[in-house]
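The structure presented is a predicted model; accordingly, all values stated were derived computationally and were not measured. Residue numbering restarts at 1 for every chain, and letters A, B, ... go by the order of the sequence lines.
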Protein chains: 2
Amino acid sequence: MKKPETQELRTMHAMLCQAIADPTRIALLYELNDGPKNVTQLVNALSLPQGTVSRHLKTLRERYLVHTRRDGSYIHYELADSRVIDALDLMRAIKSDILARQRNLAEAVMK
Amino acid sequence: MKKPETQELRTMHAMLCQAIADPTRIALLYELNDGPKNVTQLVNALSLPQGTVSRHLKTLRERYLVHTRRDGSYIHYELADSRVIDALDLMRAIKSDILARQRNLAEAVMK
DNA sequence: TTCGTATATTCGTTTACCCATATATGCGAT
DNA sequence: ATCGCATATATGGGTAAACGAATATACGAA
């Protein structure tokens with residue numbers, strides 16, 4: 001009864017995951033989780049070159065994880081689906097557990 | 001009160017996400033979600049070259065998303081943390097919604 | 001020891017991504 | 001039209017990661 005995902009669907013799945021597989025884009029997504037922001041605000045918040053921010057926003061846009069709303073000369077970006085934050089939080093929790101386990105291991109070795 | 005993640009932590013976060021950003025590894029993780037399997041079983045399940053499977057398993061191992069148990073000449077792989085499946089499911093749900101929206105859009109244009 | 005199966009790794013190549021810098025475009029104001 | 005700011009994209013270079021094919025290692029059985 002379990003139908004296998006086609007290769008194409010899995011590739012799309014992977015492309016979506018790839019979108020969140022970069023430190024800058026992770027930071028951008030969390031920033032946008034606080035509310036819509038324009039590019040300049042994101043540049044200031046992350047202290048990154050404007051070109052870099054725009055490039056990563058393009059990646060997120062192309063994968064439909066953010067969308068834009070023009071307001072005069074500003075373009076406001078916002079999260080398209082807050083579940084991406086849930087997914088990021090899950091991965092972050094996994095990471096924290098891995099780190100905690102390694103810390104415990106290190107302590108055990110020290111004694 | 002919100003402490004910013006260090007760059008290093010965010011990089012680790014991204015490395016974990018990168019681990020799930022490949023179609024083959026996604027397939028491997030879902031396979032392992034059904035229960036532990038050895039490499040040959042995974043090779044047969046996914047119809048991929050053994051070298052390819054081993055290489056991707058190494059990636060997952062290095063990031064602590066799977067762990068191994070040797071049993072005679074077999075090495076059984078199992079999920080280290082089932083939350084990674086939850087994260088993958090979230091991303092898959094997001095993907096499905098994107099596809100549905102595009103289908104609706106296409107239909108609307110047709111009429 | 002040798003053989004056969006299971007798993008891992010190496011090699012060479014290609015593809016894809018990241019960054020920084022520079023340049024281009026879009027829009028409001030003058 | 002031009003100026004200035006906001007945003008986007010193009011270019012070039014470095015690095016990482018993907019693949020197939022081949023080879024190496026680990027283990028059990030004989």
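Screening Arg69(B), Arg61(B), Lys37(B) for a side chain to side chain donor-acceptor pair (under 3.5 Å) involving Tyr77(B) leaves a single residue, Arg61(B).
Distance Leu60(A) CG to dC17(C) C1': 14 Å, rounded to the nearest Å. Going from atom CG of Asn44(A) over to atom P of dT7(D) covers 10 Å, rounded to whole Å. Look at OH on Tyr74(A): it is 12 Å from P on dG28(C), rounded to the nearest Å. For Ile20(A) and dC17(C), the CD1 to P distance is 15 Å, given to the nearest whole Å. In this structure, Gln41(B) places its CD atom 13 Å from C1' of dT7(C), rounding to the nearest Å. Taking atom CG on Leu48(A) and atom P on dT21(C), their separation rounds to 13 Å, with Å as the unit. Rounded to whole Å, the distance from NE2 on His76(A) to C1' on dA8(D) is 17 Å. Rounding to whole angstrom units, CG of residue Asn38(A) and P of dG26(C) are separated by 19 Å.
At a threshold of 4.5 Å between non-hydrogen side-chain atoms, the residues Thr24(B) and Arg10(A) do not count as touching. Within the 4.5 Å cutoff, the side chain of Val43(A) has heavy atoms near those of the Val39(A) side chain.
Other cluster members for Tyr74(B): none, since no ILVMFWY side-chain heavy atom sits under 4.5 Å from it. Hydrophobic side-chain contacts under 4.5 Å tie Met15(B) to no other Ile, Leu, Val, Met, Phe, Trp or Tyr residue.
Residue contacts for Ser54(B): at a heavy-atom cut-off of 4.0 Å it reaches a base atom on one of the strands shown.
Residue Tyr77(A) places at least one side-chain N or O under 4.0 Å from the OP1 or OP2 atom of dA8(D).
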- Message: What does the B/S/- profile of nucleotides 10-30 of chain D look like, 5' to 3', with a 4.0 Å heavy-atom cutoff to protein?
- Response: --------SBB-----SSS--
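Side-chain contact of His56(A) with Arg25(A): a donor-acceptor pair under 3.5 Å is present, judged by distance alone.
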